[in-house]
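A short write-up of the structure that comes next.
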Amino acid sequence: MAPTTAASPEASCLDASKLTYSYTTAPRDVPSEATIRSSDETVCTDHMIVASWTAREGWAAPELKPFGPFSLLPTASCLHYAHECFEGLKAYRGYDSKVRLFRPNRNARRLQMSAARIALPTVDDDALEKLMMAVLSVDCPKWLPQDRPGKFLYVRPTIIGTNSQLGIQSPTKALLYIIVGYMPRMDMPAGGKRLLTSPEDTVRSWVGGFGYAKVGANYGPSVNATRDAYNSGFHQILWLYGSQGECTEAGGSNFFVVWKRKDGRKELVTAPLDDRLILDGVTRRSCLELAKERLGDQVEVSERKFTIDELFEAAAENRIVESFAAGTAWFICPISLIHHRGREIAIPMGPDDTPGEITGNIKNWLGDIMYGRTEHEWGVVVPEKN
Ligand SMILES: *Cc1c(COP(=O)(O)O)cnc(C)c1O
């Protein structure tokens, strides 16, 4: 894999086999659940991976070292021009006491795509996967102990542009780092998730833009709308696009609806990837693949455009069966209500605040793979160092 268009031909690729280890001499205590929830800083594990890149030399040997601050000049390009992209995935402590990542090769490939979109150097996806495994091998035994099955850590690989030149250009220096920390479990809110459609004057993503890439520039600007929605009693924004109000994503999750089509057939529908408005979620892809494989005889599985008006029409004709949001952070979260400019759609869930049948099945199938209740090629075991 060529390091980047900006690099010289002799520049080195990222080589995970050159990883050096310098272990912390000041190991920290594992925080309690209460500390994790109340801390305004994400609590990270003892170690992180760091690798630096220059256009001339390519990637230096990656290092595993104690978690801690970086030193950057105030002119660094990530601090001015949003030269930043990232990934987010979880390491799950299984009921068989092994730790697994879920389809990490998908995240590794997506990081390449995101980096390429903003002229950052790409990293070989195989090397990235090995480096994620390396830091988890060292930190999981302590930070995700075997006696706590069902818990997870959050893994955040990041690439930033670090060249300190205020002229706008392709970064000539960059840093890859992989940190691991706690993220509170975001269970389904009581009564299901309530969505508010995006304000009329705001779009998250547009054709020709970068909404399909996990670049920091997509997220900061979405916070105002999300905060306002939250203050009005909603959990997340349902981002609409275009004059027809195409349904795209629900906050930082992909959006799914199960409904009956006019011909009576059940359909699981989500927005398509081809116009590059939405993030190609690993959870989204997995929901589609499992639904096709295991529900294909009862449910049509579609990636296509659908609008908020179609949702209202289906609701008026009692054709909406279920809806859910899918992503690493919220996992599979049932949606019970959509509010759009003064009108509401109430969406059925299962009895006693449980997910509907299809949502529940998909959630269980994925959870079983993540937590090792079923063996599946998507659940990749992390070899732990003792
Ligand atoms: C990360 C993300 C998702 C979910 O992707 P997963 O790979 O399933 O975690 C969906 N939408 C947006 C905008 C995201 O940033």
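In each ligand, atom 1 is the first atom listed, and ligand 1 is the first ligand listed.
- Taking each heavy atom of Trp59 and Ala51 in turn, the nearest pair found is CZ3-O, 3.5 Å.
- The proximity of Glu249 to ligand 1, defined as any non-hydrogen pair under 4.0 Å, is limited to the side chain.
- Among protein heavy atoms, the minimum distance from atom 8 (O) of ligand 1 is reached at Thr283 OG1, 2.6 Å.
- A side chain to side chain donor-acceptor pair (under 3.5 Å) with Gln236 is found for exactly one of Lys193, Glu249, Arg194, namely Lys193.
- Under a 4.0 Å criterion applied to the non-hydrogen atoms of Gly281, ligand 1 contributes the atoms 5 (O), 6 (P), 7 (O), 8 (O).
- Residue Val282 touches ligand 1 through backbone and side chain together, judged by heavy-atom distances below 4.0 Å.
- Nearest protein heavy-atom contact of atom 14 (C) of ligand 1 is Lys214 NZ, 3.0 Å.
- Note on Arg284 versus Glu289: no salt bridge recorded, every NZ/NE/NH1/NH2 to OD/OE distance being 4.0 Å or above.
- Neither the backbone nor the side chain of Ala329 has a heavy atom within less than 4.0 Å of ligand 1.
- Closest protein heavy atom to atom 15 (O) of ligand 1: Tyr219 OH, 2.5 Å.
- Residue contacts with ligand 1, taken as heavy atom pairs separated by less than 4.0 Å, involve Arg204 solely via side-chain atoms from C-beta onward.
- Side chains of Trp259 and Lys266 form no contact here, defined as non-hydrogen atoms less than 4.5 Å apart.
- Nearest-residue assignment for atom 3 (C) of ligand 1 (options Cys287, Gly211, Gly252; heavy-atom criterion): Gly252.
- Counting heavy atoms from C-beta outward, Glu246 and Leu277 have side chains that approach closer than 4.5 Å.
- Using a 4.0 Å cutoff on heavy atoms, Arg110 counts as a contact of ligand 1.
- For atom 9 (O) of ligand 1, the nearest non-hydrogen atom of the protein is Thr328 OG1, 2.6 Å.
- Contacts of Glu317 classified as side-chain contact (heavy atoms from CB on, under 4.5 Å), with partners at least two apart in sequence or in another chain: Lys262, Glu313, Arg319.
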Ignoring hydrogens and angles, write down the donor-acceptor pairs under 3.5 Å from the side chains of residues 16-23, residues two or more places apart or on other chains.
| from | atom 1 | to | atom 2 | distance (Å) |
| --- | --- | --- | --- | --- |
| Ser17 | OG | Asp15 | OD1 | 2.6 |
| Ser17 | OG | Asp15 | OD2 | 3.4 |
| Ser22 | OG | Leu64 | O | 3.4 |

* From CA spacing to verdict: salt bridge (charged side-chain N to carboxylate O under 4.0 Å, His left out), Arg110, Glu87 -> CA-CA 8 Å; Arg110 195 169 63 191; Glu87 267 308 319; 2.8 Å; yes
